[in-house]
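Below is one structure, written out as C-alpha cells; the observations come after it.
Sequence positions, counted from 1, serve as the residue numbers for this chain.
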Amino acid sequence: IANNAPVNFAAALFAGGAVAAIFGLLALRTRGIYFLMITLALSQVLWGLAFKWKSATGGDDGMPGIPRPNLSMLGLDLTPVNSYYYFTLVLFVLVCILMYILIRSPFGHSLRGIRESESRMLALGYNVWAHQYVAFILAGLFAALAGILYVYYNNMVSPKDLHLITSAKVLLMVILGGTGTFLGPILGATLIVLLENIVSGFTERWLLILGIIYVLVIMLAPKGVVKIIDFGQS
C-alpha cells in the first residue's frame with residue numbers, strides 16, 4: 001500500500017465520491033430530521049457491509065498493519081509521526097483554502113441561497129436538487145480524503161470507524177462549532193478531540209460525557225460556539 005500512495009489516494013477519493021453519488025440519490029429525497037435519519041441509516045449499511053464482508057475488510061478485526069506512505073519521488077518519508085503530522089497539516093490548510101474558495105464562488109452563494117429558501121431559488125430558475133447533489137458528492141470527496149489520512153495515522157482501518165457513534169461525534173462537532181459557518185466545524189472538531197483525549201485519561205465513560213456535552217450545547221448554545229464569539233466581539 002505504501003508504494004502506491006498516489007493510487008490509494010485516487011482510489012479512496014473515487015470510492016468516496018461514488019458512494020456519495022449513490023447515497024445522495026436516496027438521501028436528497030428527504031428534508032430536515034428525515035434527511036439526518038436516512039444519512040445515519042445509510043452509514044449503518046456501510047458498517048454492516050464492512051463487518052460482514054470479512055474476505056475484503058477483515059470483519060471485526062479490520063485491516064491492521066497499514067504502513068504510512070513513503071513518497072520517495074517527492075523526497076518525503078511519512079513514516080515518522082512528525083513528518084506525517086506536517087503532511088496532514090499542509091493538506092488540511094489546502095483543503096480549507098479550497099473550501100473557502102468554493103464558499104465564495106457563485107456555486108457557494110447558490111448553496112447559501114438554497115439553505116435560506118429553496119422555493120425562492122426555484123422561482124429564480126435554479127436547479128436546487130442538482131446543486132444539493134453536487135454538494136453531497138463534494139462532501140463525500142472531502143470525507144474520503146479525511147478517511148485515508150485517518151487510516152494512515154492509525155496504521156489500520158476497522159468497521160468501528162463507520163459506526164453510528166462516529167457519525168454522532170461528527171454531528172456534535174458541527175453543532176458545537178456552529179452549523180452553516182466556515183470556522184464552526186473546525187472549532188467544534190478541535191474542542192471535541194481535545195476533550196476526548198483529556199477526559200479519556202480520567203474515565204472510560206467518554207460516551208456519557210459526550211452525551212452531556214451534546215445536551216448542554218443544545219440548551220446553552222444552539223447556534224454554536226462561533227455565534228457566541230461573534231456576539232462577544234460585536
Side-chain angles (χ1 to χ4, degrees), residues 12 16 33 35-37 39-44 46-47 50-51 60 62 64 66 68 78 80-100 103 139-234:
I33 188 63
F35 176 80
L36 175 62
M37 293 174 63
T39 51
L40 291 176
L42 290 172
S43 70
Q44 284 300 96
L46 290 178
W47 173 82
F51 187 81
D60 190 34
I66 299 178
R68 296 193 183 113
L78 303 181
V81 176
N82 290 340
S83 299
Y84 189 72
Y85 167 78
Y86 289 113
F87 174 75
T88 304
L89 179 62
V90 170
L91 284 182
F92 169 74
V93 173
L94 292 176
V95 167
C96 286
I97 295 174
L98 181 59
M99 283 187 173
Y100 184 80
I103 292 173
L141 292 173
F142 285 123
L145 177 59
I148 193 171
L149 292 174
Y150 187 69
V151 168
Y152 280 135
Y153 171 73
N154 290 321
N155 298 123
M156 71 167 297
V157 60
S158 172
K160 70 177 183 179
D161 297 326
L162 295 169
H163 200 269
L164 184 63
I165 296 175
T166 304
S167 300
K169 187 187 298 184
V170 173
L171 288 175
L172 179 57
M173 291 175 180
V174 176
I175 295 172
L176 176 62
T179 59
T181 63
F182 177 73
L183 294 177
I186 299 176
L187 179 59
T190 302
L191 292 175
I192 291 298
V193 171
L194 285 177
L195 286 172
E196 182 177 9
N197 290 332
I198 294 174
V199 175
S200 62
F202 296 94
T203 177
E204 296 180 356
R205 301 187 180 276
W206 159 244
L207 292 179
L208 176 62
I209 305 298
L210 188 68
I212 295 175
I213 293 174
Y214 180 80
V215 173
L216 291 176
V217 169
I218 295 299
M219 293 178 59
L220 303 178
K223 295 184 178 181
V225 177
V226 167
K227 298 296 183 181
I228 296 178
I229 296 175
D230 290 341
F231 177 78
Q233 292 178 346
S234 61

Checklist entry - With a cut-off of under 6.0 Å to the ring centre and 45° to the axis, is R68 in cation-pi contact with Y84? => result yes

Next on the checklist: To the nearest 0.5 Å, what is the distance between OH on Y85 and CZ on F92?
Outcome noted: 10.0 Å

Next on the checklist: Can you confirm whether more than 12 heavy atoms, excluding those of Y153, are under 6.0 Å from its OH atom?
Outcome noted: no

Checklist entry - So which heavy atom on P159 is nearest to which on A50, and how close? => result CG-O, 3.7 Å

Next on the checklist: Working to the nearest 0.5 angstrom, can you tell me the gap between C96 SG and I186 CD1?
Outcome noted: 4.0 Å

Checklist entry - Is the backbone of F35 close enough, under 3.5 Å, to the side chain of T39 for a donor and an acceptor to pair up by distance? => result yes

Checklist outcome for this item: In short, A144 meets G16 closest at the heavy-atom pair CB-CA, 3.8 Å

Checklist entry - Does a side-chain heavy-atom distance below 4.5 Å link I66 with N154? => result no

Item to check | Euclidean distance, Y100 OH relative to L183 CG, rounded to 0.5 Å | outcome: 9.5 Å

Item to check | Close side-chain approach of S167 and K169, heavy atoms under 4.5 Å | outcome: no

Checklist entry - Is there a side-chain contact between F142 and L98 (heavy atoms, below 4.5 Å)? => result yes

Next on the checklist: Which residue is it: I192, L194, V193? I am looking for the one with a side chain to side chain contact (heavy atoms under 4.5 Å, CB included) to T190.
Outcome noted: L194

Checklist entry - Is the shortest heavy-atom distance from the side chain of L176 to the side chain of L187 under 4.5 Å? => result no

Next on the checklist: With a 4.5 Å cut-off on side-chain heavy atoms, are L149 and F87 touching?
Outcome noted: yes

